[in-house]
Amino acid sequence: MENINWFPGHMKKTRDLLRDNLKLIDVVIEILDSRIPISSKNPEIDKIIDGKAKVVVLNKLDLSDPAKTDQWKKHFKDNGIRAIFLDSIKGVGIEALISECRLAASEKMSHLASRGRNERAIRVMIVGIPNVGKSSLINKLSGKKSAKVGNRPGVTRGKQWVKLKGDLEMLDTPGILWPKFEDQSVALNLAFTGAIKDEILDSETVALRLIEKLSLIEPEKLKTRFALEELGETPLETMDAIGRKRGCIISKSEIDYERVAGIILHEFRSAKIGRITLETPDDLQTIEKD
């Protein structure tokens, strides 16, 4: 698969926007995909926020492998990183996130109180790459309708604040980050989970590479879901077998690869193959060395 590039023209604009708005913020909420905590992280974010209090949210908990999630929980705890695992669709973990934001902002709020400032809401900014569930998290935090607070006196003109649960306010900015595409394993993980639109890529190649990956890390789940006695000697043989099992046949026993690719990608992304996490903390060393 050829190298993937990510709207480079937007990168500087986004980075500048985040930096300009950071002075208004108490806590940054960084959203990652719990199936790919490394690949879904913007490598520049910690430089951009420059020591600002941060809470990491690992979303899509319902799709990730519980055992590997435990490994990630230990990793974040051991490294002193505030991390909350949640399912933003069902709202699992939302209260824990609110509590963690309050803890992260406690020093700042105490400092304001010591200077005689009136108590105010904790101001947060939510950032993340596309398709990590940013919109669904905002909807859960704000209720069904986002309530605009409007321009604040003394705050940069034109900034909009949205009331959230738990006495939080969110600065209403795009908050879009970009992933690190130089590492092609990262690019593939983003393609597998749908963070890159399928129209941009060759879905048949992506599905073939996903089979290759799952054959290594989750062969039993792959066999069970597609009722295969054994995996093929190559990913293509496995893809052919899945195609035959699912009736993805054109005339004369030819496999309809576009159709079988769509099935494989959909069933992975919806966890029908099983709850699967593609990265563990051990992968951090491999990617950092590349």
Side-chain angles (χ1 to χ4, degrees), residues 1-8 10 31-43 59-60 62-65 68 128-134 176-228 231-250 254-280 283 286-287 290:
M1 189 168 71
E2 65 184 46
N3 285 6
I4 304 163
N5 295 308
W6 189 268
F7 44 84
H10 290 90
I31 311 184
L32 306 177
D33 184 327
S34 62
R35 298 168 296 176
I36 50 168
I38 305 167
S39 296
S40 58
K41 181 179 176 66
N42 173 284
N59 195 21
K60 307 196 180 187
D62 56 317
L63 305 179
S64 55
D65 181 331
K68 289 180 182 172
I129 69 166
N131 206 39
V132 287
K134 197 163 154 285
I176 298 293
L177 295 172
W178 55 95
K180 177 188 174 185
F181 272 139
E182 291 83 2
D183 184 308
Q184 285 301 292
S185 67
V186 168
L188 281 169
N189 284 337
L190 291 161
F192 298 154
T193 55
I196 308 167
K197 289 181 181 178
D198 289 332
E199 306 87 74
I200 297 172
L201 304 172
D202 173 7
S203 64
E204 294 166 37
T205 302
V206 174
L208 193 64
R209 297 297 295 272
L210 178 58
I211 289 171
E212 184 179 29
K213 176 96 174 178
L214 296 181
S215 297
L216 289 172
I217 66 169
E218 295 286 7
E220 294 307 315
K221 287 179 182 174
L222 194 58
K223 285 193 286 188
T224 300
R225 177 62 191 172
F226 295 109
L228 304 175
L231 298 178
E233 289 189 12
T234 65
L236 184 57
E237 285 182 17
T238 302
M239 194 170 183
D240 286 349
I242 293 170
R244 286 191 290 272
K245 284 282 184 180
R246 291 299 180 88
C248 300
I249 307 292
I250 309 175
E254 186 183 340
I255 302 293
D256 184 343
Y257 287 111
E258 185 177 352
R259 190 171 155 213
V260 73
I263 288 170
I264 291 162
L265 292 172
H266 170 73
E267 297 200 3
F268 167 73
R269 291 168 186 169
S270 57
K272 289 180 179 175
I273 297 175
R275 293 175 65 179
I276 295 171
T277 300
L278 298 175
E279 295 174 327
T280 69
D283 294 320
T286 307
I287 290 174
D290 288 347

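Below, all heavy atoms of this structure are taken into account, side chains as well, without hydrogens, waters or symmetry copies. Everything quoted here is computed from the prediction, not taken from an experiment.
In this structure, R269 and N131 have side chains that are not in contact, with every pair of non-hydrogen atoms separated by 4.5 Å or more. The closest side-chain heavy-atom distance from I273 to E218 is not below 4.5 Å. In this structure the side chain of N59 reaches within 4.5 angstrom of the side chain of I31, judged on heavy atoms. Inter-residue side-chain proximity for P37 and E279 is flagged as met; some heavy-atom pair is nearer than 4.5 Å. Side-chain contact between R35 and I276 is absent, with no heavy-atom pair separated by less than 4.5 Å. A heavy-atom distance below 4.5 Å is found between the side chains of H266 and K272.
Between the CD1 atom in I250 and the OH atom in Y257 there is a gap of 9.5 Å [rounded to 0.5 Å]. With rounding to the nearest 0.5 Å, the separation of CG in L231 from CD in E212 is 12.5 Å. Here the CG atom belonging to L222 is positioned 5.5 Å from the CG atom belonging to L214, to the nearest 0.5 angstrom. Note that the CG atom of D202 and the CZ atom of R209 stand 11.5 Å from one another [nearest 0.5 Å]. To the nearest 0.5 angstrom, I242 atom CD1 is 5.5 Å from L228 atom CG. Atoms OG and CG, on S34 and L278 in that order, are 10.5 Å from each other to the nearest 0.5 Å.
Between K245 and F226 the shortest heavy-atom distance is CG-O, 3.6 Å. The minimum heavy-atom distance linking L190 with T193 is given by the pair O-OG1, 3.3 Å. Nearest heavy-atom pair across T277 and K68 is O-NZ, 3.3 Å. When all heavy atoms are compared, the tightest approach of I217 to P219 is C-CD, 3.5 Å. Of all non-hydrogen atoms in A191 and I196, the two that sit nearest each other are N-CD1, 3.8 Å. Between S39 and I129, the shortest heavy-atom distance links the atoms O-CD1, 4.5 Å.
Checked for salt-bridge contact, R246 and E267 meet the test: a charged N lies under 4.0 Å from a carboxylate O.
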Between D240 and R244, is a side chain to side chain contact (heavy atoms under 4.5 Å, CB included) present by the stated rule, with each step listed? CA-CA 6 Å; D240 286 349; R244 286 191 290 272; 3.7 Å; yes
What verdict does the side chain to side chain contact (heavy atoms under 4.5 Å, CB included) test give for K213 and N189, after you've listed the backbone C-alpha separation in whole Å, the side-chain angles of each residue and the deciding distance to 0.1 Å? CA-CA 10 Å; K213 176 96 174 178; N189 284 337; 4.1 Å; yes
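For residues 255-265, the set of pairs meeting the salt bridge (charged side-chain N to carboxylate O under 4.0 Å, His left out) definition, not counting sequence neighbours, is empty.
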